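Below: one structure, written as structure tokens.
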Amino acid sequence: MWLKIENLSVSYGMIKALNNISFELKQGEIVTLIGANGAGKTTVLNTISGLIKPNQGTIIFNQKNILNFAAHKIAGLGIAHVPEGRKPFPNLSVYENLRLGAYLSNDKDFITQGLSKVFKSFPRLHERIKQPAGTLSGGELQMLAMARGLVSQPNLLMLDEPSMGLSPILVNEIFNIIKDINSSGTSILLVEQNANMALNIASRAYVLETGKITLEGNACDLLNDPRVKSAYLGE
Amino acid sequence: MTSISNIKKQTSKIKIILLVILFYIVLQLLMSAQIINPYWQQIICYAGVMTISALGLNLIYGFTGQFSLGHAAFFGIGAYTSAFIIKSANFSNPLLLIIGLIAGCILAGIIALLIGLPILRLRSDYLAIATLGFGIIVKVLFDNADAVFPVLGGSRGMVGIPQLTTFTWVLVIVILAVLILRNLINSAPGRALVSVREDEIASEAVGVNTTKYKTLGFVIGSMFAGIAGALYAHLYAFLHPQNFDFLKSIDVLLIVVLGGMASISGTLIAAVVWVLILEGLRVVLPEAVLDWRLVIYPLLLILIMIFKPTGIFGGKEFKFLHYGDKNE
């Protein structure tokens with residue numbers, strides 16, 4: 001298995017955020033973690049990318065245990081994290097934001113290639129290339145955050161709530177782009193509250209409830225599961 | 001890039017170099033003809049010293065976003081180090097000042113590294129308090145330094161330091177400081193420094209080792225303070241611990257904020273204006289209202305904060321300080 005999380009537990013002080021969770025992702029897949037607010041979805045991504053240190057567990061990526069790697073080392077392994085709330089570099093231009101996305105590469109051709117790929121997926125960013133990131137709209141910021149993750153041409157892209165605060169049309173647009181990114185070979189770990197959209201594009205899914213995985217399976221099966229339907233799809 | 005814009009860039013570069021040389025020759029002539037008297041010569045040199053120190057703090061606070069209140073401590077470390085070496089060795093050739101400058105610069109850098117590694121983990125207010133504490137410790141050490149090295153004078157002050165700082169030395173170091181800072185900020189490590197200020201989590205996520213870059217900014221900025229301090233020591237030939245206390249850190253901070261955070265141009269102008277206003281008012285104002293100059297300056301500061309909170313230059317730069325591939 002390419003990315004394998006085993007028995008992962010994380011706590012913030014006295015509060016247990018994740019309790020012994022295990023899940024996995026095969027190369028080329030879109031896997032989604034769905035769940036309500038406070039279920040621990042963001043904590044999972046932050047732990048994988050090294051921003052939070054877990055109490056116990058293992059995180060295997062490409063046959064390497066990356067649990068104790070520093071965050072910047074993990075980025076170097078080809079795991080790009082698009083954090084919750086987009087977190088742009090607000091006073092820097094769109095171009096400088098994207099250049100920082102490719103911070104770990106010194107290869108000029110590689111960066112140019114990454115930039116042109118990204119501009120193909122997000123032509124809007126090209127129009128705004130000189131604009132400070134802080135002046136972009138919510139949708140553009142989400143595009144910028146994803147583009148910044150993609151410039152380094154990662155193997156695994158981790159997206160934290162890309163639909164947050166966006167209009168339904170924009171959400172559709174973003175999810176189409178996610179599908180395109182995946183079909184060009186990038187594996188995706190998607191964390192979402194918008195279960196319907198997430199389950200529609202994912203191949204497999206895990207349901208997270210207060211720090212535990214309560215359901216798992218193929219995305220289309222979960223889409224028809226009565227428990228998921230009543231809890232997350234509003235039917 | 002077209003060759004025409006290349007040529008344009010080249011000619012503007014030559015223009016700037018010529019302007020700086022002209023500026024140097026004119027001032028040097030005015031000084032040797034005594035049109036600018038020694039008192040004002042000293043003030044002009046002091047403006048240069050403050051510029052170097054403020055450029056260092058702008059790197060730490062403006063570009064890297066680390067709020068430091070201990071800048072005067074590094075300035076003092078540079079001053080005492082250089083004064084100690086040059087006085088003990090009894091150098092009198094202005095060229096040998098280089099030894100003191102390098103020593104002051106490097107010692108300030110080493111101490112910044114040692115102190116920076118543990119305290120740069122702290123954020124904003126906590127970092128400010130930690131650097132403030134560090135500044136107070138260093139001042140107390142200066143106060144009592146005569147117990148170990150009688151030549152440092154302790155709280156009585158250190159006297160008889162060879163007066164080796166010349167206008168040439170100050171200008172050369174100012175130019176070097178500007179060039180180093182400009183090239184650093186426009187490089188990939190410079191982008192990493194700025195990304196730490198902008199958003200630490202995002203910069204970790206794109207692979208920036210934030211601890212390393214915070215430390216790098218802090219060490220280089222403190223080295224600027226160290227070399228400025230060394231110039232200061234040999235400018236006034238007298239050092240007193242009071243010259244390096246917490247209020248002196250605030251002075252530098254005011255220059256950075258007044259000129260504009262993350263603006264080299266702003267710091268250049270604000271440092272010179274700040275020194276010249278404080279001293280210039282001494283000449284212009286009549287005796288009776290002389291003390292009011294310390295009111296005019298803060299008043300100016302309040303007005304600028306109301307009408308232009310980003311400082312005079314706020315993130316903008318003179319053209320010649322730009323270069324590189326901002327938007328290819």
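If you're wondering where the values come from, they're calculated on a predicted model, not measured in any experiment.
Within a 6.0 Å sphere centred on CZ of Phe110(A), heavy atoms belonging to other residues, nucleotides or ligands number more than 12. Counting non-hydrogen atoms of neighbouring residues, nucleotides and ligands closer than 6.0 angstrom, the NZ atom of Lys53(A) exceeds 12 such neighbours. Atom CZ of Phe307(B) is surrounded by 12 or fewer heavy atoms from other residues, nucleotides or ligands within 6.0 Å. For Asp107(A), the CG atom sits in a packed shell: over 12 heavy atoms of surrounding residues, nucleotides or ligands are nearer than 6.0 Å. Other residues, nucleotides and ligands place no more than 12 heavy atoms under 6.0 Å from the NZ atom of Lys15(B).
Of the atoms belonging to Pro154(A), not a single heavy atom falls under 4.5 Å from chain B. For a residue to count as touching a neighbouring chain, one of its non-hydrogen atoms must lie under 4.5 Å from one of that chain's; by this rule Leu100(A) touches chain B with backbone and side chain alike. Of the two parts of Ala188(B), only the backbone, made up of N, CA, C and O, holds a non-hydrogen atom closer than 4.5 Å to a non-hydrogen atom of chain A. Proximity to chain A (any heavy atom under 4.5 Å) is shown, for Ser203(B), by both the backbone and the side chain.
Annotation for Ala192(B) and Tyr103(A): closest pair CB-CE1, 3.6 Å, computed over non-hydrogen atoms. Here the closest heavy-atom approach between residue Ala205(B) and residue Ala75(A) is recorded as O-CB, 3.6 Å. Pairing each heavy atom of Glu96(A) with each of Arg191(B), the nearest pair is O-CD, 4.2 Å.
A donor-acceptor distance shorter than 3.5 angstrom exists from the side chain of Glu198(B) to the backbone of Asn91(A), with no hydrogens or angles considered.
Atoms CG and CZ, from Leu92(A) and Arg197(B) in turn, are 6.5 Å apart once rounded to the nearest 0.5 Å. The structure places CG of Asp199(B) at 5.0 Å from NZ of Lys87(A), a figure rounded to the nearest 0.5 Å.
In this structure, Val208(B) and His72(A) have side chains that are not in contact, with every pair of non-hydrogen atoms separated by 4.5 Å or more. A heavy-atom distance below 4.5 Å is not found between the side chains of Asn209(B) and Lys73(A).
For the set Pro90(A), Ala145(A), Ala102(A), Ala133(A), the entry with the most heavy-atom pairs within less than 4.5 Å of chain B is Pro90(A).
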